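In the text below, chain A, chain B and the rest are named by the order of the sequence lines, each starting its count at 1. Only a predicted model underlies this, so the values are computations on that prediction, with no experimental measurement involved.
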Amino acid sequence: MNIQQIEEFARQIWDQQQVYRVDIDPDKPKCYVLDMFPYPSGAGLHVGHPLGYIASDIYARFKRLQGYNVLHPMGYDSFGLPAEQYAIQTGQHPAITTENNIATFRRQLDQLGFSYDWSREIRTSDPDFYRWTQWFFLLMFESWYNRNTQRAEPIAELIRHFEQEGNYNVNAWCDAVMPFTAEQWRSFSKKQKSDILLRYRLAYLDETWVNWCPALGTVLANDEVKDGRSERGGFPVERRRMKQWMLRMTAYADRLLEGLEALQWPESIKEAQRNWIGRSYGCSVFFELVTQQGQPLVHEGIPLKLEVFTTRPDTIFGATFLAVAPEHELVAQLTDDQYKSAVQDYLAQVASRSERDRIADALHVSGQFLGSFGKHPFTGQLLPVYVADYILATYGTGAIMGVPGHDERDHRFASVFSLPIVSIIEGQNVAEDAYSLKEGVLTNSDFLNGLSVPEAIQAAISEIERRNLGQGRVHYRLRDAVFGRQRYWGEPIPIYYDEEGIPHGVPKEALPVRLPEVDLYLPTSEGEPPLARAQQWKYEGKYEYEKTTMPGWAGSSWYFLRFMDPHNNEAFAAPEALRYWGPVDLYVGGDEHATGHLIYFRFWTHFLYDLGLVPFQEPALRLVNQGKIQGLSCLIYRLDDGRLVSAGQRNSDAYKDLHATLLHIPVALCEGDCVDIEQLRQWRSDFAEAEFIPEADGSFRCVHQVEKMSKSKHNVVNPDDLVRKYGADCFRLYEMFLGPLEQDKPWDTKGIDGCYRFLRRLWRLFMQENGQLHITDEEPVEAEWRILHRLIHKVTRDIEQLSLNTAVSAFMIAVNELTDLGCRKRAVLEPLLICLSPFAPFTCEYLWHALGHRSSVVMASWPQSDQRYLQQLTFDYPVAINGRTRLKLTLPLDLPEERIEQEVLATEGVRRYLEGRKPKKVIIVKGRMINVVV
RNA sequence: GCCCCGGUGGUGGAACUGGUAGACACGCAGGACUUAAAAUCCUGCGGCCCGAAAGGGCCGUGCGGGUUCAACUCCCGCCUGGGGCACCA
């Protein structure tokens, strides 16, 4: 069994017969199996990376054998930060870095024998690809969201509506717009019209608070920020107000939420998306505002009102103050002269605190009284208005009614500012702590008294609406996505600005807007993005292009569509291709994309569906997250004096009281927990002369720890070495055998021998010692048929459920049993080979040809399991006395229950346990077990 | 704090809709073959106890209860690891 020879042979067959190329075939059912688009990093693969690829490859090969036309493509998400950071450091164009990395990546993928149709390879940084990414952006720029029809519609229709009726009777998902008539619309300047339209467009320019990362020199989306730091690189992030291109994703919040129901996705991902979208149902309430003297506050002749949002309108009688966010637009108007300087000081203090300080200091309460009051809409009581930084400008209306009795934050605030705290839930004492559960009966609440909380919420909303004080409302935590990045290596946003600074979409015929060459990949001295360095880069030679580029997730939001028709020059994909291939049937990738890519890609697809460009709303029906493979680190003890102590000795009396540090050493230097001291001395110079204190048997031992696989922990295992030593098939089998696909699990190379032995045993079923095929055409006996059909049955089900670890063990069992029987029969071994081929394609291809086939095993047909051989005639019943299994009894399966009972009670072993007592009951589950209750 | 997912031998893990807990594999121990090694094969391996042995008993799926003839599986209450969300009104 020569691995190199086998792999070369199989590769040649696949290559010659072009077995992985697919095209639309209306006569066959399709199956689209997709891996999450990798970013080709320079570091290469470690054993954790291919896990999902192997699983999806097995599934794809399986479906192909079952007669499906399988689309299983691969490509690269090749725009991104690392190549650009490298460019900044070295000056090497990111395209070159990317090209090199892709070559490495491809080589590593190829050696594992994946069944990708490489003729469909795509790259997001390819102008033929990003042309369409830009095209989609323009479609969003040219669309608005109609809440009446619940879908995106062309902005041209909206303009027509404006011309006829102004913005009356428009129910759009948009930013606040003053009402205007058709006459007014016609009288607006170009600039005014543009500004208004931006408030409706799904891709729009707006000044907002963004996550600015100074170290990366760019803004980041919410999902790219973790705990106040950038997800990539871990650099500090601050809040900054900037003009940015945004995508009005919030318009889709409800549909994104509801669409989750029907998806076959892991519950954890759905839950993460639900949290991220964060839908909450509540009510807005307007509070009339008055001065300290009780005079109404008026602005331009209109009485001022403060709109708050609450999910607990039932607690309105418990409200004792109002609070607004520091950024709230009414802060200035609400500030009484007497408090002006105090408020200004407070605002300055808030501004100086970074986002991270604010998060870290969440329990610290701060705020400032503004000197004005809100009039309670039911009691007429005057509630003081505060500005407080625990109120977020970006959530709800940026203002709240403070109900300290029933909200913890409000309670903290009221305690600090000595505001009244009242309970409106019967029997709850809220002096010390807020009672925030939505349970109980209302009290001190006028018309709500006696109602339960849920009833009271409904009643309060109805009453508020009836009296025109506000209305029931839904709010989302989800924010519109910031779409511009102040970076070089991304898709240019296809927008140019005219003389008046009005943004225009580049005509679609002029796409792609190509990324210009620049001398440096850094911002300009004026702080403009790197694209500003390309001074000749102008639309039609005179208009300034938008200088920011798209974020990393732009291309990956729709790439799955391009795979369906990757070389189409007329469209992003032909309608027939979309109809035939879409949507993705199985999507495999990591769960770290739960609130990033997986939401964007759903949003993007919903949008295209609205425009009638794709015939499905959800991009992927079934999603599976492969678990992470953790590293098994090796660590040794170093005493403070530099001596190195073997792990067993460390706890002996001689050393246990000395202080020791644990050091990571390369896993390659360890065989189990035995360390190769000679190699260790060579590995690090300070170990060269160190004193090693070994075990009594002379060995030197390390301890193990399961943790993330990383270079710094010296626990990275590279697949190349393993593939060279054991072959790709063995590697694939072992990765699957390790445990359930979805589960995180530690990598331990030791176990790979089991899979290697399995492959050799398989080989010996076919081949003699001398390498000659040894197969007969004899009719298999019952036992052999049974082994085969049980295997087919189990493996078919297991692959369908992606329970690949149990499938591998089923193969091991079958091969062990066939070996014991000395089975060398073609009728058994040939179907077995087909079943195994998705897991071990190289070996199976080789043996398939050895059996005399000319075409590839990839083209074979998945065998059917035969019911006859799955059913057994007799069964070894476990017989339990009082629930405890005592003995076994072999009985025919078709024996009626009365007969079984007779047999059981007549059995010597059972009689012994009964000791003459009469059984109370005999429970018989046919084909399962028997339980005698005494 | 809220939500989701886990916890089974020395190790990775198996167990269908409640029905023989520990499949398969690693590892370890002993043995066969061999001048030797590799390779291969055989036997044993959850814990405690009784027994010379054959065999038998008790305990055992994070912990404590419960439902049931029967619980890794269902219910209640905890402990613990991982992940998500979080001054989100």
Return the orientation label for the A:Tyr390 and A:Phe413 ring planes: parallel under 30°, perpendicular over 60°, tilted otherwise.
->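 Aromatic pair A:Tyr390/A:Phe413 classed tilted.
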
Classify the angle between the aromatic ring planes of A:Tyr869 and A:His789 as parallel (below 30°), tilted (30 to 60°) or perpendicular (above 60°).
->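 If you compare the ring of A:Tyr869 with that of A:His789, the planes turn out parallel.
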
Does any N or O in the side chain of [X] come within less than 3.5 Å of the main-chain N or O of [Y], such that one atom is a donor and the other an acceptor?
X	Y	result
A:Tyr395	A:Ala399	no
A:Asp410	A:Val403	yes
A:Asp480	A:Met249	yes

When you compare [N] with [M], how far apart are their [atom1] atoms, in angstrom units rounded to a whole number?
N	M	atom1	value
B:G9	B:A15	C1'	15 Å
B:A25	B:C42	P	11 Å
B:C72	B:G7	P	14 Å
B:G44	B:G10	C1'	15 Å
B:C4	B:G57	C1'	44 Å
B:U17	B:U73	P	14 Å
B:G62	B:A14	P	14 Å
B:A38	B:U11	C1'	26 Å

Please write out the pairs of protein N or O atoms and N or O atoms of nucleotides 58-60 of chain B separated by less than 3.5 Å, giving the distance to one decimal.
unit_1	atom_1	unit_2	atom_2	d
B:C58	OP2	A:Arg886	NH1	3.4

Taking only the side-chain nitrogens and oxygens of A:Thr397, find out if one of them lies under 4.0 Å from OP1 or OP2 of B:A89.
->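 Answer is no, no contact under 4.0 Å.
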
With the sugar-phosphate defined as primed atoms, P, OP1 and OP2, and the base as all remaining atoms, what B/S/- string results for nucleotides 71-86 of chain B, 5' to 3', for protein heavy atoms under 4.0 Å?
-> -------------BSS

Any chance you could list the contact pattern along nucleotides 14-31 of chain B? Use B for base contacts, S for sugar-phosphate-only contacts and - for none, protein heavy atoms under 4.0 Å, 5' to 3'.
-> SSBB-BBS-BBSSS----

RNA chain B: 5'-proximal contact among A:Tyr756 and A:Thr394 (nearest heavy atom) =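 Nearest nucleotide further toward 5': that of A:Tyr756.
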
On RNA chain B, nearest-nucleotide positions of A:Val933 versus A:Tyr476: which is more 5'?
->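 Upstream on the strand: A:Val933.
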
Which base, if any, makes a Watson-Crick or G-U wobble pair with [N], both distances under 3.5 Å?
N	result
B:C45	B:G27
B:U20	none
B:C85	B:G1
B:G6	B:U80
B:U35	none
B:C74	B:G66

Take the protein atom [atom1] of [X] and the nucleotide atom [atom2] of [N], then report the distance between them rounded to whole Å.
X	N	atom1	atom2	result
A:Arg274	B:C88	CZ	C1'	18 Å
A:Glu742	B:C4	CD	P	19 Å
A:His406	B:G1	NE2	P	21 Å
A:Ile924	B:A70	CD1	P	17 Å
A:Leu738	B:U11	CG	P	16 Å

Measure the CG-CZ distance between A:Leu448 and A:Phe317 for me, rounded to the nearest 0.5 Å.
->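 Spacing of CG (A:Leu448) from CZ (A:Phe317) equals 5.5 Å.
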
Residues [X] and [Y]: side-chain donor-acceptor under 3.5 angstrom:
X	Y	result
A:Ser633	A:Glu707	yes
A:Tyr346	A:Ser366	yes
A:Thr806	A:Ser809	no
A:Arg764	A:Thr819	no
A:Asp407	A:Ser436	no

Assign B:G9 to syn or anti; the rule is syn for a glycosidic angle within 90° of 0 and anti otherwise.
->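 The base of B:G9 is oriented syn (glycosidic angle within 90° of 0).
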
Candidates B:C69, B:C4, B:U40 - which lies nearest the side chain of A:Arg760 =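 Among the listed nucleotides, the one closest to the side chain of A:Arg760 is B:U40.
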
Salt bridge flag under 4.0 Å for residues A:Asp591 and A:Lys628 |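 So A:Asp591 pairs with A:Lys628 through a salt bridge.
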
State whether A:Glu307 and A:Arg473 are salt-bridged, where the test is any N-O pair (Lys NZ or Arg NE/NH1/NH2 against Asp/Glu carboxylate O) under 4.0 Å.
->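 Yes, this pair counts.
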
Just checking A:Ile400: base, sugar-phosphate only, or nothing, at a heavy-atom cut-off of under 4.0 Å?
->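 Answer is base: heavy atoms of A:Ile400 come under 4.0 Å of a base.
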
